[in-house]
Every structure is written in C-alpha cells, then in structure tokens.
Amino acid sequence: DESIAFDKALANVNARLDPSKGNIGVYRDELRALSAATGIALDELSQGAGQVLGSGFSGQGDSLRFLAESAKLAKANVIPLNDSVRLLDDTLDAYRITGDRAGEVSEKLTVGARLGEAQFTAYASAVAQVGTVAGPLKISLDEVAAVVSSITRAGVPATEAATGLRTVLLKMADPTDALTIKLRGLGVETGAEAIRAKGLVGVLQDVQGAIGDSPAKLAELFGSPRTA
C-alpha cells in the first residue's frame, strides 16, 4: 500500500542523506506536509527527494525548499514530479543560477511556456538546452525564454527552436569568415560583443535582416547546422 511504498522510497532518501546535514525524521514530516498541500503522493515525493539529494542539494533546508518548488512546478504544469525536478535543476545549471532562486526560475518557465503556447516539458527542455551555450555568452534566462516563446508561438516546435538557437549561438561564439565580416560591418569584432551590445533579440533581428529567406546566405554565414 501507499505506506509501504513511502517507507521504501524514504529508505532511498536516508541512504543519500548526510547525517551531519539532515534528519530523516524531519524529511518524513516535511514530505507528509508537502503531500497534504499539493496532493502529490508520498512515495512520489520521497522519490523526488532522493532525486534532489542526488542532484547536489545536500543540505536539508536547501533540498526541501527545492523539492517544494519542484512540486509547485509539477502541479502548475501537470507534469510528473521527477520531470519537474530534472527540468528545474537543468535550467539552474545551464544559466548558473543558485538554488535559492528556484521559485523565480519556475515562474519564468511556466509563464514562458504559456506565452509561447507550448507544451511545458518541451518548452523548458528547449530553454535549458539553449542555456548550455547561452551561458558562456552571458545571455540571460529571460532573453532565451522570451525568444523561445516567440518562436514557438509562431508555430515552430520547441525542439526545433532549441536546435536553431543553439546553432546560431555556437556560430556566434566561433564565427565563420563570412559572419566575422558581417559582425565588423555592425561595428563589433565578435559574436559575444554583438550580443552584449544589442542583446539576443537584436542580434537575431540583424541575422534575419542579413539572410532573409535565403538558405544559401544562412549556410554562408553560419555553416552547416550539423557541424554544431
């Protein structure tokens, strides 16, 4: 029954828990309270707690707060808790955001998916995937979330939006000769400098103005997407 499943899942939490940083009795009580507040089953919350601890949230307070935010995200977007934990953690890692801002990031992802009229899991995955290349270019989560929302709202699947944005950003970080010439024409030397000066949206608008609907111009500026 549910009680047995809860005890088994809680044993996994206990195995991951550093005794110097937390008490399994506290986890048991907090998980029961969180289940009552969210309607998420105790065994699912316990599995989520183990997942959170395995993601590097070793402190009792930090891990329970992150789990609570993940549970809210799961309920708001009708997704499994394990997906919520993974997506939120991936996004924090990609944009180098600390765990104490999990609630803020959760809200940005929820609003962005709704504005983009996109399925939440696909949208959040896309934002996190772009973040792995956006972070080094100092592009914020806000910028990427807004651009992905705009693209998906236009009818492009989130996975395709992520692939396209990653290709552009990878080439901006390591531009072709043709793109370098184009950047110099804009008064900058590198893609990172262009993004700092004009923002992600401004750079994408410049790219669109340069290539129009020409695949040949796209290939000239950015090379083959498969090389990214």
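As the structure is a computational prediction, the values presented were derived from the model and not from experiment. Both backbone and side-chain heavy atoms feed into the values below; hydrogens, waters and symmetry mates do not.
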Please table the atom pairs, donor to acceptor, closer than 3.5 Å between any side-chain atom in residues 104-112 and protein atoms at least two apart or in another chain.
residue: E104; atom: OE1; partner: R101; partner atom: NE; Å: 3.1
residue: E104; atom: OE2; partner: R101; partner atom: NH2; Å: 2.8
residue: K108; atom: NZ; partner: D142; partner atom: OD1; Å: 2.8
residue: T110; atom: OG1; partner: N77; partner atom: ND2; Å: 3.1
residue: T110; atom: OG1; partner: S106; partner atom: O; Å: 3.0

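Looking only at distances, no side-chain donor or acceptor of T132 sits under 3.5 Å from a matching main-chain atom of A94. Looking only at distances, no side-chain donor or acceptor of E193 sits under 3.5 Å from a matching main-chain atom of V188. Within the 3.5 Å criterion, the main-chain N or O of N23 finds a donor-acceptor partner in the side chain of Q60. S84 places no side-chain N or O within donor-acceptor distance of the main-chain N or O of P80, the cut-off being under 3.5 Å. Side-chain atoms of Y123 come within 3.5 Å of backbone atoms of A145 as a donor-acceptor pair (strictly under, hydrogens ignored).
The side-chain heavy atoms of R32 and L42, taken from C-beta on, include a pair separated by under 4.5 Å. Within the 4.5 Å cutoff, side-chain heavy atoms of L169 are placed close to those of L200. When side chains are defined from C-beta on, V85 does not count as touching L73, because their heavy atoms never get closer than 4.5 Å. Side-chain contact between I151 and L165 is present, with heavy atoms from C-beta onward closer than 4.5 Å. For the pair E143/V201, no side-chain contact is recorded, criterion being any heavy-atom separation below 4.5 Å from C-beta on. For the pair Y95 and V127, the minimum side-chain heavy-atom distance is below 4.5 Å.
Across R184 and E189, no two heavy atoms sit closer than the pair NE-OE1, 3.1 Å. Considering all non-hydrogen atoms of both residues, T38 and K75 come closest at O-CE, 2.9 Å. For the residue pair L88 and S70, the shortest heavy atom distance occurs at CD2-OG, 3.8 Å. When all heavy atoms of F66 and A102 are compared, the closest pair comes out as CD1-CB, 3.8 Å. Counting all heavy atoms, side chain and backbone alike, L67 lies closest to G48 at CD1-C, 3.8 Å. Shortest non-hydrogen contact noted between R166 and Q129 is NH1-O, 2.9 Å.
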Practice task
Check the pair R28, F6 against side chain to side chain contact (heavy atoms under 4.5 Å, CB included), reporting the backbone distance first and the verdict last.
Solution key: CA-CA 9 Å; R28 180 183 288 107; F6 177 43; 4.0 Å; yes

Handout entry: side chain to side chain contact (heavy atoms under 4.5 Å, CB included) evaluation trace for T152 with V156
Key = CA-CA 5 Å; T152 56; V156 178; 5.8 Å; no

Practice task
Would you please test I40 and L34 for side chain to side chain contact (heavy atoms under 4.5 Å, CB included) and show each step?
Solution key: CA-CA 8 Å; I40 298 176; L34 187 56; over 6 Å; no

Exercise for the section: Please report the C-alpha distance between T190 and T180 in whole Å, then the side-chain angles of each, then the deciding distance to 0.1 Å, and finally whether the side chain to side chain contact (heavy atoms under 4.5 Å, CB included) criterion is met. Expected result: CA-CA 7 Å; T190 66; T180 297; over 6 Å; no

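If you take CG on L81 and CG on L45, they are separated by 6.0 Å, rounding to the nearest 0.5 Å. Taking CG of D43 as the start and CG of L31 as the end, the distance is 11.0 Å to the nearest 0.5 Å. Rounding to the nearest 0.5 Å gives a distance of 12.0 Å between CZ of R16 and CD1 of I24.
Between the side chains of S46 and Y27, not a single donor N or O lies within less than 3.5 Å of an accepting N or O.
Under a hydrophobic clustering in which Ile, Leu, Val, Met, Phe, Trp and Tyr are joined whenever their side-chain heavy atoms come within less than 4.5 Å, directly or via other members, V147 and L115 fall into different clusters. Two different hydrophobic clusters hold I181 and M172 under the rule that ILVMFWY side chains link at heavy-atom gaps under 4.5 Å.
By the side chain to side chain contact (heavy atoms under 4.5 Å, CB included) test, R86 pairs with Q51, D83, D90, T121, S125, sequence neighbours left out.
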